[in-house]
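Everything below concerns the one structure shown next.
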Amino acid sequence: MSSTEEKYPNNFIRNIIEQDVADGKNEGAVMTRFPPEPNGYLHIGHAKAICLSFGMAEEFGGETNLRFDDTNPLKESVEYVNAIKRDIEWLGFKWKEERYASDYFPQLYEFAEQLIKDGKAYVDSLTADEIREYRGTLTEPGKNSPHRDRSIDENMDLFRRMKAGEFADGEHILRLKIDMASPNMNMRDPAIYRIRHVEHHQTGNEWCIYPMYDYTHCLSDSLEGITHSLCDLSFEAHRPLYDWVLDELAMNCHPQQIEFSRLNLQFTVMSKRKLRQLVEEGIIDGWDDPRLPTISGLRRRGYTPAAIRDFCRRIGVTKSDNNVELALLQSVIREDLEDSAPRVMGVLKPLKLVIENFPEGEKVALDVANHPKDETMGTRSLNFTREVYIDREDFREEANKKYKRLVLGSEVRLRYGFVIKAEEVIKDASGEIAEVRCSYDPDTLGKNPEGRKVRGVIHWVSAEEGLPAEIRVYEPLFTVDFPDADERDYHELINPESLEVHHGIVEPSLKDATLEQRFQFEREGYFCADSKDSSPDNLVFNRVVGLRDTWAKIEKAGGA
RNA sequence: UGGGGUGUCGCCAAGUUGGUAAGGCAACGGGUUUUGAUCCCGUCAUUGCGCAGGUUCGAGUCCUGCCACCCCAGCCA
């Protein structure tokens, strides 16, 4: 990430930090943090936040802590902690320290007692429903709880007994004493400690009271010496509370919270709740299903860390609502793989060709470049044989001039090999084309036939040497561009054709494809060996993204 | 009807003190090409920056008033 090419274009947060550094604020230091709650997997929206927080710190010579915001043991687990760490590392970021909000539980407790002593916090004994009623509405002020004026001693006694486990869940709660009439709902005496007799994944059974986000986050930031605390816009209205807590406790480190709008990507859902639902209902193959916008899903699909980082740079950072098109995500991975993926040939929908005038059993070894522009990627040898497979899309019994592939009675070149001509179509009982009988021109290897023009070039795989492979082609999981905005139940919006499985044939060199290795299947797209299911005896490839397809446009426009 | 935000090309987005609308994606032309890929060239907000007024020699940038959309009423984060 240190390369200048990966620097962010100008954005308002960078401008703020730049100014702060220039002004000598915090002695010119920049310290950020990424604070995920371990209650789900990270997705592309988190990647935006990660790239920003880590990126800004790095750009200004600072560092970033990874801090698990683990204040709600009911929803969290170490499985998520581990998945999150794995994803961040894979993305290419190194945190300075791994922290947990739970590391600060003892200090947080002391601060709470301090607040009680100062008359700035009190124990409330209303039920959750009552508290809601007392809170008022957006347009009406709330009412003070009848317990709001308990004495400091009584509050302290009650709070200590809460900690000691003398009360059941929900019996009491610690609230900040701010202003029940505030137009900002978050300032109407927010709850900061609740009783929860549950085991915590980090602290075990040490605590039965747990601090809440608003109280915990600002103090954790302060304790870690964070200078710029970047978060999404939903916390904007919480900033006064963030500042209130730090001010009332007179913390000497007061980080600046800056909010930016979160990423909305077309044709997918981003909320952890919905993603979890998809996983739990078995609609997809786990958190790393290649159709998901999770980091693990994108990784399994074949996206590279560099492409995801590039995407995060290109979408920018603002406070405005955004609807990023899928085309941008596809564009960054194509750009990356265009240079880095070795080329191979693979056929998704095999159609057998028999080249009748090519001697049976004979092989012609072809020396083939692994990349058309990068010689350092070397070459490999491919055998041309009498029987080959091409894709069914590449053959038509009849077609107009715009169709640059194999047509009955005319010629086409088999990439890197000979020019062939389709002579006869053999059909099975149902009328389906079973194979195509062809002839080849032996004098066309590495040169064009004289006086004739071939329609084009198509890819192929030797029938004798090709390997069977399962090839998974993905389309968006949803049929509408913004499933979150749709009133219909999301089940109705699921694309039934989001996964298409092909039983294809790939060239023999793919036998040794390593997991997660990416290739360009010429004329088809970029593919990645599936990290879960692929093995030398059972090859499975995921299509990362297709090649840009000009032909599809022509076809759609009625050109052929 | 309270509070907090946001509105610049189809999408994303630059636009530091007002000075005469970057860039990327997409799209559309054309060239190269044994990948209809890549690459290259060109077009793509002609008083237009949510709308309406105002200040100014001059406003996307300042002022006023509207409009639209988003967020907030968890003992979630």
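Below, chains carry the letters A, B, ... as their sequence lines are ordered, and counting in each starts from 1.
- The base-pairing partner of B:rG18, taking Watson-Crick or G-U wobble contacts with both distances under 3.5 Å, does not exist among the strands shown.
- Judged by closest nucleotide on RNA chain B, A:Arg413 is the one of A:Arg413 and A:Leu547 placed further toward the 5' end.
- Taken to the nearest 0.5 Å, the OG1 atom of A:Thr71 stands 7.5 Å off from the CE atom of A:Met212.
- Comparing atom distances between the A:Arg523 side chain and each of B:rC12, B:rA73, B:rG36 picks out B:rG36 as nearest.
- A:Asn11 places its CG atom 13 Å from the C1' atom of B:rU16, with the value rounded to the nearest Å.
- Of the candidate nucleotides B:rC12, B:rC75, B:rG2, B:rC75 has the atom nearest to the side chain of A:Ala191.
- A straight line from CG of A:Asp394 to C1' of B:rG36 spans 10 Å, rounded to a whole angstrom.
- The NZ-P distance, from A:Lys373 to B:rC39, rounds to 6 Å in whole Å.
- Considering only side-chain atoms of A:Asn184, the nucleotide from B:rG3, B:rU35, B:rC76 that sits closest is B:rG3.
- Taking the six-membered ring wherever Trp is involved, the centroid distance between the rings of A:Tyr80 and A:Phe68 does not fall below 6.0 Å.
- Under the 30°/60° scheme for interplanar angles, the aromatic rings of A:Trp207 and A:Tyr109 are found to be tilted.
- When the P atom of B:rG36 is taken as reference, atom CD1 of A:Ile390 falls 13 Å away, rounded to whole Å.
- One can place CG of A:Leu233 at 14 Å from P of B:rC70, the figure rounded to the nearest angstrom.
- Look at the P atom in both B:rC67 and B:rU1: the space between them is 9 Å, to the nearest Å.
- Remark: B:rA59 base-pairs with no nucleotide; criterion is Watson-Crick or G-U wobble with both hydrogen-bond distances under 3.5 Å.
- Separation of the C1' atoms belonging to B:rG74 and B:rG48 is 46 Å when rounded to the nearest angstrom.
- Residues from residues 316-326 of chain A placing a heavy atom under 4.0 Å of any atom in RNA chain B, listed by number, are A:Val317, A:Thr318, A:Lys319, A:Ser320, A:Asp321, A:Asn322, A:Asn323, A:Val324, A:Glu325.
- Under the 30°/60° scheme for interplanar angles, the aromatic rings of A:Tyr210 and A:His200 are found to lie parallel.
- The listed nucleotides are B:rC75, B:rC71, B:rC25; the one nearest the side chain of A:Ser234 is B:rC71.
- If you find the closest nucleotide of RNA chain B to A:Phe521 and to A:Arg194, the one lying nearer the 5' end belongs to A:Phe521.
- Between A:Leu329 atom CG and B:rG24 atom C1' there is a gap of 14 Å when expressed in whole angstrom units.
- With A:Asn370 as the fixed residue, the side chain to side chain donor-acceptor pair (under 3.5 Å) test singles out one of A:Arg343, A:Glu375, A:Arg380: A:Arg380.
- Closest approach to the A:Glu37 side chain among B:rC39, B:rC12, B:rA77 is made by B:rA77 (side chain taken as heavy atoms from C-beta onward).
- For the pair A:Asn10 and B:rG15, the criterion of a side-chain N or O lying under 4.0 Å from OP1 or OP2 is met.
- For A:Arg132 against B:rG74, a side-chain-to-base donor-acceptor contact under 3.5 Å is absent.
- If you take atom C1' in B:rG31 and the same atom in B:rG7, they sit 41 Å apart, rounded to whole Å.
- Taking the side chain of A:Ser331 as heavy atoms from C-beta on, and the options B:rC75, B:rA77, B:rA26, the nearest nucleotide is B:rA26.
- In this structure, the CG atom of A:Asp391 is 13 Å from the P atom of B:rG36, given to the nearest Å.
- Put simply, A:Arg405 has no side-chain N or O that comes within less than 4.0 Å of OP1 or OP2 on B:rU34.
- No engagement by A:Lys48 is indicated, since no non-hydrogen atom pair under 4.0 Å with the nucleic acid exists.
- Nucleotide B:rG10 forms a Watson-Crick or G-U wobble pair with B:rC25, both donor-acceptor distances falling under 3.5 Å.
- Side-chain N/O atoms of A:Gln520 and base N/O atoms of B:rU35 include a donor-acceptor pair closer than 3.5 Å.
- The side chain of A:Ala327 has B:rA26 as its nearest neighbour among B:rA26, B:rG2, B:rA77.
- Under the Watson-Crick and G-U wobble criteria, each requiring two contacts below 3.5 Å, nucleotide B:rC51 is paired to B:rG65.
- Ranking B:rC76, B:rG36, B:rU34 by closeness to the A:Thr550 side chain, first place goes to B:rG36.
- Contact between A:Gly136 and A:Arg188 at its shortest, heavy atoms only, is C-NH2, 3.8 Å.
- Per the stacking criterion (ring centres < 5.5 Å, plane angle < 30°), A:Tyr213 does not stack onto the base of B:rA77.
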Steps toward salt bridge (Lys or Arg N to Asp or Glu O under 4.0 Å) verdict (A:Glu76, A:Arg196): CA-CA 14 Å; A:Glu76 301 155 4; A:Arg196 281 239 201 298; over 6 Å; no
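- For B:rA45, there is no paired nucleotide, since no Watson-Crick or G-U wobble pair has both relevant distances below 3.5 Å.
- Side-chain N/O atoms of A:Asn15 include one lying less than 4.0 angstrom from OP1 or OP2 on B:rG15.
- Between A:Lys404 and B:rU35 there is no side-chain polar atom (N or O) within less than 4.0 angstrom of OP1 or OP2.
- Taking the six-membered ring wherever Trp is involved, the centroid distance between the rings of A:Tyr242 and A:Phe235 does not fall below 6.0 Å.
- A salt bridge is absent between A:Arg33 and A:Glu224; no separation between the charged side-chain nitrogens and carboxylate oxygens falls under 4.0 Å.
- Taking atom P in both B:rU33 and B:rA26, one finds a spacing of 24 Å when rounded to whole Å.
- No side-chain heavy atom of A:Asp214 sits under 4.5 Å from any side-chain heavy atom of A:Ile192.
- The side chain of A:Leu138 lies closest to B:rC72, out of B:rU35, B:rA77, B:rC72.
- When rounded to the nearest whole Å, the span between CZ of A:Arg188 and C1' of B:rG2 equals 8 Å.
- Across all strands shown, B:rU1 forms no Watson-Crick or G-U wobble pair with both distances under 3.5 Å.
- Separation of the C1' atoms belonging to B:rG3 and B:rG10 is 34 Å when rounded to the nearest angstrom.
- In the interface, the side chain of A:His238 is paired with the base of B:rA77 through a donor and an acceptor atom under 3.5 Å apart.
- On the P atoms, B:rU20 is 45 Å away from B:rA73, given to the nearest whole Å.
- Residues A:Phe167 and A:Val123 fail the side-chain proximity criterion, which asks for heavy atoms closer than 4.5 Å.
- Using a 4.5 Å cut-off on side-chain heavy atoms (C-beta onward), A:His217 and A:Arg67 make contact.
- Distance noted for atom P between B:rC9 and B:rG18: 24 Å (whole Å).
- Residue-level contact check: A:Ile173 touches the bases, meaning some heavy atom is under 4.0 Å from a base atom.
- At the phosphate of B:rG2, neither OP1 nor OP2 sits under 4.0 Å from any side-chain N or O atom of A:Arg135.
- Separation of the C1' atoms belonging to B:rG4 and B:rA14 is 26 Å when rounded to the nearest angstrom.
- Contact between the side-chain N/O atoms of A:Thr71 and the OP1/OP2 oxygens of B:rA77 is found at a separation under 4.0 Å.
- Taking the syn range as angles within 90° of 0, the glycosidic angle of B:rG36 is outside it, so the base is anti.
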